[in-house]
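Structure first, then comments.
Residue numbers start from 1 in every chain, and the chains themselves are labelled A, B, ... in the order their sequence lines are given, proteins ahead of strands.
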Amino acid sequence: MAELYIRVAEDENEEPMEIPSEDDGTVLLSTVAAQFPGACGLRYRNPVSQCMRGVRLVEGILHAPENDWGSLVYVVNYPKDNKRKMDEMDAASAVKMKRGIEKTSDLIILGLPWKTSEQDLKDYFATFGEVIMVQVKRDVKTGNSKGFGFVRFTEYETQSKVISQRHMIDGRWCDCKLPNSKVLEQFRCPDEPMRSRKIFVGRCTEDITTDELRQFFMQYGEVTDVFIPKPFRAFAFVTFADDQVASALCGEDLIIKGVSVHISNAEPKHNNINQFFSNFPGRSPSLAAMFDRTQYQYPSSHV
DNA sequence: GTTGAGCGTT
């Protein structure tokens, strides 16, 4: 079935290097990157059409075309360009390309019946468009639903439609909204440099390993470190070679192994507007947003 | 074993 090694080169005309595959026939992007630092994927020339084709990449795992790598030579992709050395602007724009102009967010679903399951949610919301994540928040001890959950769609249009109306789910009216955390982030200045190469990955589940985090985040840029505190505390740190990659990811919700993790600055504890305003019951998002903006009118050297 | 406004085990 699967070959032990596949042939990979920086360029179609260069001498290929043999790279080992996994037992299931897939190839880890990290294995490719071990030989070609900064690699973010593979492509190959389709012998029939003579066009270049991309190799499927899912969460750091490269999948053989038609279940067989064959003896083709696979060419390494680098972020944005074929250039091994990307400049700083390219690093940031490569990430921005990935998230698009109108990015989708997790939506909070309020008012769920206690009995509603994740499958129920998926079945219901799939009638609006492709669903990539659903969660029902539960009591960790009892497993009982807390009556709210989250959903994420592929298409921004689907998200807009879902927000615009009420939803009858299992006999109760429910509301879908942007979570408060997102409302504040909307006003975050995306070009504000962070100067840190390290990101905080919140809402991790215990089954996500350092290897999986590394393989997942490699698609955005070269990963130099992954740290998961022990004992388990539901978060991790990932460090990139390039601070602009880290900066561009901040505020994102990314889906790893079906769970929505939240990316933020790695050292926000003392300077977190979100937490500051969450101390006020009846807090005003617009007030928070104004405060947020004033933060960015000052040079960040004193922060 | 209950409940019905909220905000996701930093």
Side-chain angles (χ1 to χ4, degrees), chain A residues 103-118 120-122 125 131-153 159 162-163 166-188 194 196 198-208 210 213 226-239 246 249-289:
Chain A
K103 53 185 174 132
T104 61
S105 311
D106 295 359
L107 302 180
I108 189 166
I109 315 160
L110 268 4
L112 287 176
W114 312 117
K115 54 171 280 204
T116 298
S117 69
E118 313 215 340
D120 295 333
L121 284 185
K122 190 159 189 184
F125 285 111
V131 175
I132 46 179
M133 190 274 313
V134 288
Q135 292 176 332
V136 173
K137 288 300 168 188
R138 299 174 184 281
D139 185 296
V140 283
K141 275 192 67 169
T142 68
N144 292 335
S145 167
K146 290 181 176 173
F148 71 97
F150 292 86
V151 62
R152 176 93 166 264
F153 297 97
Q159 166 170 324
V162 165
I163 292 178
R166 301 250 283 163
H167 300 272
M168 177 59 75
I169 301 176
D170 290 341
R172 270 182 64 92
W173 284 110
C174 303
D175 289 305
C176 291
K177 319 195 306 198
L178 271 185
N180 285 341
S181 54
K182 295 282 109 186
V183 172
L184 287 177
E185 272 170 16
Q186 280 188 132
F187 296 93
R188 159 182 174 271
M194 192 170 71
S196 173
K198 191 192 289 183
I199 57 171
F200 178 94
V201 185
R203 302 202 302 260
C204 286
T205 51
E206 201 157 10
D207 63 320
I208 298 178
T210 54
L213 286 176
V226 176
F227 179 74
I228 300 180
K230 308 272 181 351
F232 175 67
R233 291 213 279 155
F235 64 89
F237 295 102
V238 174
T239 307
L249 284 174
C250 275
E252 297 289 300
D253 284 323
L254 304 173
I255 293 169
I256 306 177
K257 294 176 78 173
V259 313
S260 170
V261 302
H262 184 258
I263 310 304
S264 58
N265 194 311
E267 45 271 290
K269 288 305 281 184
H270 53 291
N271 188 30
N272 192 329
I273 296 157
N274 235 343
Q275 286 184 318
F276 176 74
F277 279 95
S278 68
N279 291 334
F280 296 87
R283 59 195 177 274
S284 152
S286 56
L287 179 62

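Exactly one residue among Val201(A), Leu213(A), Ile208(A) makes a side chain to side chain contact (heavy atoms under 4.5 Å, CB included) with Ile228(A). That residue is Leu213(A).
Under the ring-ring contact (aromatic ring centres under 6.0 Å, His included) criterion, Phe235(A) pairs with Phe200(A), Phe237(A), sequence neighbours left out. Under the side chain to side chain donor-acceptor pair (under 3.5 Å) criterion, Thr210(A) pairs with no residue, sequence neighbours left out. For Phe150(A), the ring-ring contact (aromatic ring centres under 6.0 Å, His included) test picks out no residue, with sequence neighbours left out. Every ring-ring contact (aromatic ring centres under 6.0 Å, His included) that His167(A) has, sequence neighbours left out, goes to Tyr124(A), Phe125(A), Phe128(A). The side chain to side chain donor-acceptor pair (under 3.5 Å) search around Asp253(A) returns Lys182(A), Arg203(A), not counting sequence neighbours.
Phe235(A) comes within 4.0 angstrom of the backbone, heavy atoms only, and of no base. The residue Asp253(A) sits close to a base: some heavy atom pair falls under 4.0 Å.
The listed nucleotides are dT9(B), dT10(B), dG8(B); the one nearest the side chain of Arg233(A) is dT10(B).
Residue Asp106(A) places a side-chain atom within donor-acceptor reach of the base of dG8(B), judged by atom type and a 3.5 Å distance cut-off alone.
Rounded to whole Å, the distance from CD1 on Ile108(A) to C1' on dC7(B) is 4 Å. For the pair Arg152(A) CZ and dG8(B) C1', the interatomic distance rounds to 13 Å; values are reported in whole Å. If you measure from atom CG of Leu178(A) to atom P of dG6(B), you get 17 Å, rounded to the nearest angstrom. One interatomic measurement links the two molecules: CZ of Arg138(A) to P of dG6(B), which rounds to 23 Å at whole-angstrom precision. Distance, Asp139(A) CG to dT9(B) P: 11 Å, rounded to whole Å.
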Atom pairs under 3.5 Å: protein N/O with N/O of nucleotides 1-5 of chain B:
unit_1, atom_1, unit_2, atom_2, d
dG4(B), O6, Trp114(A), NE1, 3.1
dG4(B), N1, Leu112(A), O, 2.5
dG4(B), N2, Leu112(A), N, 3.3
dG4(B), N2, Leu112(A), O, 3.1
dG4(B), N2, Gly147(A), O, 2.9

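Between Ile109(A) and Val140(A), the one whose closest nucleotide on DNA chain B sits nearer the 5' end is Ile109(A).
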